[in-house]
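Data block below; observations after.
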Amino acid sequence: MSDHPSAGSNSSVEKPAAEKPQHFIQQIIRKDLEAGKVEKVVTRFPPEPNGYLHIGHAKSICLNFGMAEEFGGVCHLRFDDTNPEKENEEYVNAIKADVQWLGFQWGGPVRYTSDYFQVLYDWALHLIRQGNAYVCDLNPDEAREYRGTLTEPGRNSPYRERSVEENLDRFEKMRRGEFEEGSCVLRAKIDMAAPNMNLRDPVIYRIKKAKHHHTGDTWSIYPSYDFAHGQSDAVEGVTHSICTLEFEDHRPLYEWFLENLPVPAKPRQYEFARLNINYTITSKRKLKQLVDEGHVDAWNDPRMPTISGMRRRGYPPEALRNFCANIGVTRSDSVVDVGMLEYAVRDHLDKNAPRAMCVLRPLKVTLTNYAADRVEEMRAPGHPNRDDFSERVLPFTHTLYIEDEDFREEANKKYKRLVLGKRVRLRNAYVIEADEAIKDESGEIVEIRARIIEDTLGKDPADGVKPKGVIHWVSATHHLNCEVRLYDRLFSDPAPDAGGKNFLQAINPENLKVLENCKAEISLAGAKVGDHYQFERSGYFCLDSKYSTLEKPVFNRTIELRDTWAKIQNQQ
RNA sequence: UGGGGCGUAGCCAAGCGGUAAGGCAGCGGGUUUUGAUCCCGUCAUGCGUAGGUUCGAAUCCUACCGCCCCAGCCA
């Protein structure tokens with residue numbers, strides 16, 4: 001059967017000029033709607049609550065909820081909870097929060113595959129009565145042997161021809177918990193010689209005496225993914241069941257159940273390529289390992305590619321959605337450059353984050369011609385390109401801090417910062433000129449003595465000697481002490497996951513730098529968790545939701561500004 | 001020497017028989033009190049390879065090559 005329903009030829013659809021190209025899922029849905037095959041689009045996002053959602057799930061969420069949104073339908077949130085051994089409620093709650101944070105709302109209640117355990121059980125009975133399923137007593141090793149290999153057909157299980165009565169009886173005993181785990185399973189009777197391994201009498205129910213986070217001890221048998229997914233879609237009236245490519249081989253099985261069971265609808269499955277990003281891993285199992293072994297703080301560690309980690313890091317939900325829109329949806333395997341994600345984050349933050357100044361590595365500057373008790377209130381725009389942001393007030397005083405790296409005793413003309421004997425513009429304030437660098441015993445520069453050039457607020461020096469550049473600063477007496485955490489990529493290998501590599505060895509040992517003596521402008525005292533700021537000339541920052549306190553604010557660097565200066569330096 | 005997919009620029013990706021969109025990255029330039037943003041320009045004589053069909057092929061056909069997925073009582 002064809003992947004794409006051979007839609008009635010509706011060739012007279014005029015193509016609107018200069019429209020955004022539609023990806024194949026959009027094309028399929030639009031045709032289904034136009035052909036009247038579907039009245040209202042229903043999709044679903046079906047995570048298994050066995051870990052936290054990551055950037056790859058964001059793509060799926062944007063696709064599934066996005067299609068519902070775009071075509072006036074709904075998207076269900078359904079927890080695919082058929083394996084109680086790995087799932088729990090912490091994950092359920094985290095997943096719900098993540099989906100909502102991304103800005104999506106599911107249609108109707110939160111659903112669980114476990115809501116359908118009774119129907120699924122009844123349908124298993126139906127299959128048995130039709131002679132389409134049997135209880136098989138082969139142990140796992142034997143079952144593997146009987147299954148055959150990729151190139152050799154399997155053999156029929158010796159239990160394949162049990163009578164309906166015996167199957168009914170044994171399945172009932174499975175249900176009642178009378179058999180040990182692993183002693184038997186219920187299998188669909190399809191074809192042990194099928195070239196598609198999924199059709200070689202797949203397991204549809206297995207015994208698990210674990211307590212289920214949602215159904216408690218009600219069941220001692222649980223349906224397999226294959227036996228649950230399509231039927232759940234059918235029960236919910238899902239029209240387009242979108243999943244990743246590795247499930248393509250399962251589609252014939254998905255359809256086999258729909259055809260052999262009295263289901264209320266016939267949903268269709270479509271597959272797209274899952275997201276891969278370089279320098280990143282998107283495997284729940286490996287992400288869990290990073291957490292369990294303490295390589296990171298938690299699932300929501302700002303270095304994690306989890307949705308909660310990116311949230312804590314300061315990635316705005318809009319950036320994630322834009323990113324997903326930018327990468328598209330196709331069926332070809334690909335590895336997206338992490339630069340695309342970073343672009344989306346910078347792009348949104350640049351347009352929306354208020355500006356502030358914060359000195360990360362302070363170097364004291366004393367203004368010898370500025371009275372020690374004088375305080376001027378400089379006014380600075382909240383955003384250079386928007387007038388709907390409120391102004392900030394910056395106290396300007398006799399002693400200031402500038403960035404350690406913004407001063408050099410001598411430098412070539414490419415260095416556009418403060419140089420001994422030269423001028424620089426203090427952003428939103430005066431032009432100053434450096435007269436002297438004071439060093440300690442070890443030769444370390446500990447203070448700069450400088451002068452302001454009078455009458456340079458909003459204008460160049462009257463003598464025509466223009467400053468070489470602009471640097472940020474903070475008053476040494478009127479500021480907010482804070483801690484800043486600089487994150488770098490978690491992995492230094494573009495493909496930490498590839499081949500037989502051990503991804504733990506690809507961990508970047510310098511993925512976090514904590515600066516405890518940072519000086520922020522006082523307006524930042526009002527920062528709240530969830531606010532985003534651009535620390536000018538530095539990057540985008542936000543308060544850390546875990547470590548920040550009123551006494552000691554902790555800012556996470558979400559991402560650096562694009563830095564062509566660093567690029568120039570690296571080229572030399 | 002099974003089955004299912006996928007190959008368009010460094011990366012992502014349009015294209016659906018009429019002569020290679022767009023974005024990211026890069027490069028060059030302009031504006032700028034952020035080395036940011038913004039703006040302009042540049043970046044595939046060629047679509048995995050080789051044949052074929054056609055007036056015309058990235059699009060159709062054939063063969064080959066490469067990569068991904070499948071042998072859980074995971075999803």
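Every chain is numbered from 1, with letters handed out A, B, ... down the list of sequences.
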- Message: From the set B/C74, B/C16, B/A36, return the single nucleotide nearest to any side-chain atom of A/Lys86.
- Response: B/C74
- Please list residues of residues 135-143 of chain A whose heavy atoms come under 4.0 Å from any atom in RNA chain B, ordered by number; otherwise none. A/Leu138, A/Asn139, A/Pro140
- Query: Are A/Tyr225 and B/A75 stacked, counting the six-membered base ring, centres under 5.5 Å, planes under 30°?
  - Reply: no
- How would you label the contact of A/Tyr430 with the nucleic acid (heavy atoms, under 4.0 Å): base, sugar-phosphate, or nothing? nothing
- Task: Would you kindly compare A/Thr151 and A/Leu426 by the position of their nearest RNA chain B nucleotide and give the one closer to the 5′ end?
- Result: A/Thr151
- By side chain to side chain contact (heavy atoms under 4.5 Å, CB included), A/Ser183 pairs with (sequence neighbours left out) A/Phe179, A/Glu180, A/Ile207
- Task: Please collect all salt bridge (charged side-chain N to carboxylate O under 4.0 Å, His left out) contacts where either partner lies in residues 43-52 of chain A, sequence neighbours excluded, each pair once.
- Result: none
- salt bridge (charged side-chain N to carboxylate O under 4.0 Å, His left out) contacts touching residues 272-288 of chain A (sequence neighbours left out): A/Glu246-A/Arg274, A/Lys286-A/Asp497, A/Lys288-A/Asp292
Listing time: all N or O pairs from protein to nucleotides 9-13 of chain B that are below 3.5 Å?
unit_1	atom_1	unit_2	atom_2	d
B/C11	O3'	A/Val335	O	3.2
B/C11	O2'	A/Val335	O	3.1
B/C11	O2'	A/Asp337	N	3.3
B/C12	OP1	A/Val335	N	3.2
B/C12	O2'	A/Ile327	O	2.8
B/A13	OP1	A/Thr330	OG1	2.8

- Message: The criterion is side-chain hydrogen bond (donor to acceptor under 3.5 Å, both in side chains); which residues satisfy it with A/Tyr134, sequence neighbours excluded?
- Response: A/Asp201
- Query: Can you find a pair of side-chain heavy atoms, one from A/Arg321 and one from A/Glu318, that are under 4.5 Å apart?
  - Reply: no
- Task: Determine which pairs satisfy salt bridge (charged side-chain N to carboxylate O under 4.0 Å, His left out) with at least one residue from residues 183-199 of chain A, sequence neighbours left out, and list them in order.
- Result: A/Glu161-A/Lys189
- Message: Of the options B/G26, B/G3, B/A36, whose atoms approach the side-chain atoms of A/Thr564 most closely?
- Response: B/A36
- Message: Can you tell me which nucleotide in B/G35, B/C74, B/U33 comes closest to the side chain of A/Ile568?
- Response: B/G35
- Query: Which nucleotide in the set B/A75, B/G35, B/C70 lies at the smallest distance from any side-chain heavy atom of A/His250?
  - Reply: B/A75
- Among B/G2, B/A75, B/U34, find the nucleotide with the atom closest to the side chain of A/Glu536. B/U34
- Message: List the residues meeting ring pair (Phe, Tyr, Trp, His ring centres under 6.0 Å) with A/Tyr116, not counting sequence neighbours, and say none if there are none.
- Response: none
- Item | By side chain to side chain contact (heavy atoms under 4.5 Å, CB included) - contacts of A/Glu560 (at least two apart) | A/Arg557
- Task: State the pairing partner of B/A21; accept Watson-Crick or G-U wobble contacts with both distances under 3.5 Å, and report none otherwise.
- Result: none
- Query: Reckon A/Arg417 has a side-chain N or O less than 4.0 Å from the OP1 or OP2 of B/G35?
  - Reply: no
- Message: Of the listed nucleotides (B/U34, B/G5, B/U37), which one gets closest to any side-chain atom of A/Asn385?
- Response: B/U37
